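Have a look at the structure below before the remarks.
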Amino acid sequence: MNKIGYACITMGMDRNYRTLRAKNISDDYLKDIIEYNLNLLEDTIDYNYNNNIFLYRISSDIIPFGSSKLNTFDWRSYFSNKLKKIGNKIKNYNMRVSMHPGQYTIINSPREDVVKNSINDLIYHCDFMDLMGLDCTNKMIIHIGGVYGNKEESIRRFVSNYKLLSSNIKCRVVIENDDKSYNINDVMEISNIINVPVVYDNLHNEINNYDHNSDIYWINIAGKTWDKKDGIQKIHYSQQAIGKKKGSHSDTIDVDVFKKLYNKLNNIDIMLEVKDKDISVIRCMKAVGE
DNA sequence: CGATGTCAAGTTGCA
DNA sequence: TGCAACTTGACATCG
């Protein structure tokens with residue numbers, strides 16, 4: 001049996017996370033928005049439980065400007081009880097969550113300031129999960145970063161900067177193949193050096209292909225990077241939106257196509273990346289009889 | 001009050 | 001050489 005999850009936004013709820021503009025930032029405004037967002041997160045966890053969804057990605061926008069020095073509000077202390085409460089709920093429901101720092105979090109940049117900001121962003125994401133009291137099976141997913149005209153050198157920089165991260169961050173970090181720079185083989189090579197779990201993304205592999213081995217071949221290879229302490233192996237699954245640019249996620253999941261891969265999987269956590277989010281999760285679960 | 005242009009950050013690749 | 005795309009909706013301002 002496999003778990004199926006979705007990212008951030010919940011179609012089955014009539015609310016979404018709020019944010020604010022840099023020029024309007026203030027402690028009071030931040031406090032209001034974070035309070036709203038954390039209440040929504042708690043309700044989302046309940047919604048997922050009620051719909052038998054046990055895998056969920058928490059939006060990086062949950063704390064606006066979470067790693068920026070524009071954010072001077074001490075949300076870590078102010079909301080520590082609320083975060084603990086949400087974390088307890090996640091644990092009691094036996095759910096697994098993750099976070100996915102975005103395109104600006106690049107630890108292999110040649111620019112020192114970019115690396116510094118990226119590390120701050122990892123600290124923010126990691127603190128958020130630490131404050132909820134969640135263990136290291138609840139992961140942070142990152143890509144390798146830029147190539148800067150020299151892949152070998154850029155990989156070396158990733159490896160050496162990774163080694164400098166604090167141990168609570170390192171225990172959560174997993175790496176993923178991306179759609180233009182680092183294919184699954186690159187990511188596996190890096191994983192073999194630093195011993196980090198690998199999330200296999202099928203659509204990225206389709207676009208930024210290394211060889212013609214099947215999804216299941218690479219899923220099995222990536223599976224070897226997951227230790228017991230990392231929890232169940234996790235993959236990202238999405239389908240190309242027909243007629244849209246390469247890599248665009250489809251509006252919904254073609255369940256028959258999904259089933260062909262699903263039937264080959266055993267005990268894998270599948271994060272769907274699809275526009276209709278929990279709707280597709282529920283449809284997929286029904287289709288495979290979970 | 002509804003419409004619409006804009007939004008913190010980095011890198012790549014295409015006009 | 002400058003700017004859109006990434007991903008995307010929600011904010012904020014304008015009429």
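Since we're looking at a predicted model, the values are computed, not measured. We name chains A, B, ... by the order of the sequence lines, and we start the count at 1 in each one.
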Touch class at under 4.0 angstrom, heavy-atom based, for Lys69(A) against every strand present: nothing

Touch class at under 4.0 angstrom, heavy-atom based, for Ser109(A) against every strand present: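 Answer is sugar-phosphate: Ser109(A) comes under 4.0 Å of backbone atoms only.
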
Among Leu55(A), Asn52(A), Val281(A), the one residue meeting side-chain contact (heavy atoms from CB on, under 4.5 Å) with Ile4(A): Val281(A)

For Met99(A), the option from Lys139(A), His125(A), Arg172(A) that meets side-chain contact (heavy atoms from CB on, under 4.5 Å):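 By the side-chain contact (heavy atoms from CB on, under 4.5 Å) criterion, Met99(A) pairs with just one of Lys139(A), His125(A), Arg172(A): His125(A).
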
[X] [atom1] - [N] [atom2] separation (whole Å):
| X | N | atom1 | atom2 | answer |
| --- | --- | --- | --- | --- |
| Ile142(A) | dT11(B) | CD1 | P | 14 Å |
| Ile9(A) | dT8(C) | CD1 | P | 7 Å |
| Asn108(A) | dG10(B) | CG | C1' | 11 Å |
| Ile106(A) | dA9(B) | CD1 | P | 13 Å |
| Tyr148(A) | dT11(B) | OH | C1' | 7 Å |
| Ile107(A) | dG10(B) | CD1 | C1' | 15 Å |
| Tyr182(A) | dT11(B) | OH | P | 11 Å |
| Gln103(A) | dA8(B) | CD | P | 14 Å |

Geometric cation-pi criterion, Lys31(A) with Phe79(A): 6.0 Å, 45°: no

Tyr148(A) six-ring face occupied by Arg157(A) cation (under 6.0 Å, within 45°): yes

Side chain to side chain contact (heavy atoms under 4.5 Å, CB included) between Trp218(A) and Val187(A), worked out: CA-CA 11 Å; Trp218(A) 283 112; Val187(A) 173; over 6 Å; no

Under-4.0 Å salt bridge between Arg57(A) and Glu273(A):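 Judged by the 4.0 Å cut-off on N to carboxylate O distance, Arg57(A) and Glu273(A) do form a salt bridge.
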
Nucleic acid contacts - residues 14-36 of chain A versus DNA chain C, non-hydrogen atoms under 4.0 Å: Asn16(A), Tyr17(A), Arg18(A), Thr19(A), Arg21(A), Lys23(A), Asn24(A), Tyr29(A)

Side chain of Tyr104(A) (C-beta onward), nearest among dT8(C), dC6(C), dT12(B):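 Within the option list, the nearest is dC6(C).
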
Closest to side chain of Pro110(A), choosing from dT12(B), dT11(B), dC6(C):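 My answer, after comparing the listed nucleotides, is dT11(B).
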
Main-chain N/O of Ile253(A) paired with Ser250(A) side-chain donor or acceptor, under 3.5 Å: no

Side-chain donor or acceptor of Asp251(A) paired with backbone N/O of Asp276(A) under 3.5 Å: no

Paired stretches of DNA chain C - 3 or more consecutive Watson-Crick or G-U pairs, each distance under 3.5 Å: B:1-7 with C:9-15, B:10-15 with C:1-6

Contacts of Ser77(A) that satisfy side-chain hydrogen bond (donor to acceptor under 3.5 Å, both in side chains) - sequence neighbours left out: Asp74(A)

side-chain hydrogen bond (donor to acceptor under 3.5 Å, both in side chains) involving Lys89(A) - partner list, sequence neighbours excluded: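 Listed in chain order: Glu42(A), Asp46(A).
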
Side-chain donor-acceptor contact under 3.5 Å, Asp278(A) with Tyr47(A):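 Their side chains do contain a donor-acceptor pair, which is all the 3.5 Å distance test asks for.
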
Strand-adjacent residues in residues 200-208 of chain A, judged by heavy atoms under 4.0 Å from DNA chain B: none

Arg96(A): salt bridge (Lys or Arg N to Asp or Glu O under 4.0 Å) partners, not counting sequence neighbours: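 Only Asp269(A) meet the salt bridge (Lys or Arg N to Asp or Glu O under 4.0 Å) criterion with Arg96(A).
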
